[in-house]
Amino acid sequence: MTDRLLHFIDNALAEQPGARTAPVFDPATGVSSKRVLLADAETVRRAVAAASAAFPGWRDMSIARRQAILFRFRELLESRKDELAEIITSEHGKVLSDAAGEIARGQEVLEFALGFADILKGDYSVNASTGVDVFSFRQPLGVTAIISPFNFPAMVPMWFFPVALAAGNTVVLKPSEKDPSAALWLAALLAEAGLPSGVFNVVHGDKVAVDALLEDPEVASVSFVGSTPIARYIYETAARHGKRVQALGGAKNHMLVLPDADLDLVADAAVNAGFGSAGERCMAISVVVAVEPVADALIERVTARMADLRIGDGRRGCDMGPLVTREHRDKVASYIDLAAQDGATVVVDGRGIEVDGAEGGFWLGPTLIDRVPTTSRVYTEEIFGPVLSIVRVQSYEEGLSLINSGAFGNGTAIFTNDGGAARRFQYEVEVGMIGVNVPIPVPVAYHSFGGWKASLFGDAKAYGRAGFQFFTREKAVTSRWLDPSHGGVDLGFPRNS
Ligand code: NAD
């Protein structure tokens, strides 16, 4: 029997008779037992109308009551997060511990957002002019749309919705159609926590649903995370329709290894950051830039660690699970074919791996490719799978210029024991998030997340104070209470005295 995954509108599951649907797979078995609805424009309109109707009530609710609801959501999530991890693993394929990790990072943002009463306090200047006070405060935008990718079905929505809701907005979330159940689970939990009807809605779908959100006049802002071509499209289309937009795109993250680095630490980091979540992380390391003479010694250490990785069904205590769909698995594998054609050396080949899992699963083993030509598409394009490339360079300067010449600027890391070199790197590299002996430098919730160049369109990063800035707009009030001595007509431009 095939389950139908419905929309969630006005705190209830919502059918869409006659809807187009798409299969949702269990990547470890290759079996699809669910189909997700794909919204048409009319269904998106229903969700936006629900969010719009709910907005005034939610915006006007006291800080104390809004906080109480979000605290209750935090408590419910904490007590039931194992359920959510299982859902994520069953549709995404990542191992359970990794699913738990993404929930924990989402919870961090929720916990940060719970401090909204302090963060959103305004400014007040007494006697800016004689008897005149000036103050500013921030107000929510209205209906905010979130469009999220498959690779973090809980965390990425949680980068945005706790902040959007805390600031008094209502939300329409369109999760990835590849793993949509986590969003539904979160929506039901928010309702259980007491979130009023219509404040948080989920519509499933593809380009049709996304376009309807981008064009709807009642949608005030769009927060998007996904691949670079789609991010660019979202940014341009949403802006053309007058919306505030932040569109986070793809990545190709480099790890620069200097000759003085601790190679055991580097090898651990490269394996963790290259193959964790089967490389389906926007902050994964996909290129190790080895400043010679370290490459051979590093490859030896990395291959030894790769041999110990257990690949299999994420529910069975393995290290790495399958890829999300068969198409994605085949696309990633095609880059390994290409690497060999382009003259690179495939040191460890993950094609044809045998795994502890069902034969129909979307398996691809960890792959290591040395001497990748920087002209090859294996180097220039985002692969988004368990494929780690090695590029050999002769100096720090050569490595830096390679990193800076790339199209993306999401994350990067330097491994060295030289504080001066690390300091220089963090200043000179043109990338938004930098690790110093830290391979996956995802900022904590009270800083903000976002890359440079083709990794972020728009200037607003996710979460942290930047998140609250994005989800609110400021008003400045200049006020004077009646004082007859200051009356009179004056057509000059206001001056303060
Ligand atoms: P994707 O771009 O295929 O899809 C993202 C969202 O866009 C989904 O909701 C999808 O339904 C929708 N979409 C797909 N095609 C569309 C179209 N033609 N028009 C309008 N909407 C469309 O991305 P994905 O494969 O789900 O996720 C992986 C990508 O996301 C990788 O490129 C990864 O680097 C990126 N990502 C980036 C970050 C970041 O913070 N920069 C974080 C996570 C993932």
Side-chain angles (χ1 to χ4, degrees), residues 20 22 24 27 36-39 41 44 91-94 102 105-106 109 145-160 172-180 182-183 202-215 222-238 245-253 277-286 323-325 327-329 331-332 381-385 406-412 431-433 440-443 448-458 460-464 466-467:
R20 290 182 301 128
V24 177
V36 63
L37 303 190
L38 300 175
V44 171
E91 293 184 357
H92 176 285
K94 66 178 71 176
E102 85 157 272
R105 294 309 298 258
V109 177
I146 300 168
I147 301 162
S148 56
F150 81 82
N151 68 321
F152 286 110
M155 182 187 77
V156 167
M158 291 184 75
W159 280 356
F160 302 105
V172 177
L173 166 65
K174 199 227 64 81
S176 169
E177 63 276 37
K178 294 184 183 127
D179 47 12
V202 177
V203 283
H204 302 294
D206 53 13
K207 179 170 166 52
V208 173
V210 171
D211 284 344
L213 281 170
L214 298 180
E215 289 165 16
V222 177
S223 302
F224 171 88
V225 180
S227 58
T228 286
I230 311 293
R232 187 179 281 117
Y233 168 77
I234 300 282
Y235 178 69
E236 290 173 359
T237 313
V245 51
Q246 52 184 170
L248 284 70
K252 188 87 186 178
N253 305 317
S277 203
E280 292 171 328
R281 289 180 183 144
C282 64
M283 290 293 276
I285 291 292
S286 49
L323 274 75
V324 69
T325 57
E327 294 70 37
H328 187 57
R329 182 244 167 246
K331 185 173 171 214
V332 174
E381 294 181 6
E382 179 178 43
I383 298 177
F384 219 56
F408 303 100
N410 214 39
T412 190
V431 170
M433 294 172 281
I440 306 187
V442 175
S448 297
F449 183 105
W452 284 17
K453 303 200 277 190
S455 297
L456 173 63
F457 298 90
K461 291 186 167 197
Y463 63 75

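Both ligands and their constituent atoms are indexed starting at 1 by order of listing.
Distances from atom 22 (C) of ligand 1 to the heavy atoms of Leu214, Ile230, Val225, Leu173 show the closest one on Ile230. Relative to atom 3 (O) of ligand 1, the option among Ser227, Ser286, Ala284, Gly451 with the closest non-hydrogen atom is Ser227.
Lys174 contributes a side-chain N or O that, together with a main-chain N or O of Gly205, makes up a donor-acceptor pair within less than 3.5 Å. Formation of a donor-acceptor pair under 3.5 Å by the Glu102 side chain with backbone atoms of Met155 is found in this model. Tyr235 places no side-chain N or O within donor-acceptor distance of the main-chain N or O of Phe224, the cut-off being under 3.5 Å. The backbone N or O of Gly411 sits less than 3.5 Å from a side-chain atom of Asn253, completing a donor-acceptor pair. No donor-acceptor pair under 3.5 Å is formed between the side chain of Glu177 and the backbone N or O of Asp206. Checking side-chain atoms of Glu280 against main-chain N and O of Phe384 turns up no donor-acceptor pair under 3.5 Å.
The protein heavy atom nearest to atom 8 (C) of ligand 1 is Ser148 O, 3.3 Å. Atom 44 (C) of ligand 1 has Asn151 OD1, 3.2 Å as its closest protein atom, hydrogens excluded (heavy atom only). If you check which protein heavy atom lies closest to atom 26 (O) of ligand 1, you get Phe150 N, 3.0 Å. Of the protein's non-hydrogen atoms, the one nearest atom 20 (C) of ligand 1 is Val210 CG1, 3.6 Å. Protein heavy atom closest to atom 34 (O) of ligand 1, with residue, atom name and distance, is Glu382 OE2, 2.6 Å. With hydrogens left out, the protein atom closest to atom 28 (C) of ligand 1 is Phe384 CE2, 3.5 Å, a heavy atom. Scanning the protein heavy atoms around atom 35 (C) of ligand 1, the nearest turns out to be Gly226 O, 3.1 Å. With hydrogens left out, the protein atom closest to atom 11 (O) of ligand 1 is Glu177 OE1, 2.7 Å, a heavy atom.
Only the side chain of Asn410 comes within 4.0 Å of ligand 1, judged by heavy-atom distances.
For ligand 1 and Phe449, the ligand atoms under 4.0 Å from any heavy atom of the residue are 39 (C), 40 (O). Taking a cut-off of under 4.0 Å to the non-hydrogen atoms of Gly250, the atoms of ligand 1 that pass are 32 (O), 34 (O).
Of all the heavy atoms in Pro180 and Val36, the pair that sits closest is CG-CG2, 3.7 Å. Shown here for Ala183 and Val202, the closest heavy-atom pair between the two residues is O-CG2, 3.9 Å. Considering all non-hydrogen atoms of both residues, Gly93 and Pro27 come closest at N-CG, 3.8 Å. In this structure, Ala154 and Pro157 approach most closely via the heavy-atom pair O-CD, 3.3 Å.
Scanning for ring-ring contact (aromatic ring centres under 6.0 Å, His included) contacts around Phe449 gives Trp159, with sequence neighbours left out.
Considering both main-chain and side-chain atoms, Asp211 never comes within under 3.5 Å of ligand 1 through any nitrogen or oxygen pair. No N or O atom of Phe224 sits closer than 3.5 Å to an N or O atom of ligand 1. By the 3.5 Å distance cut-off applied to N or O atoms, Lys207 is not counted among the residues near ligand 1.
Heavy atoms of Trp159 come nearer than 4.0 angstrom to ligand 1 in at least one pair.
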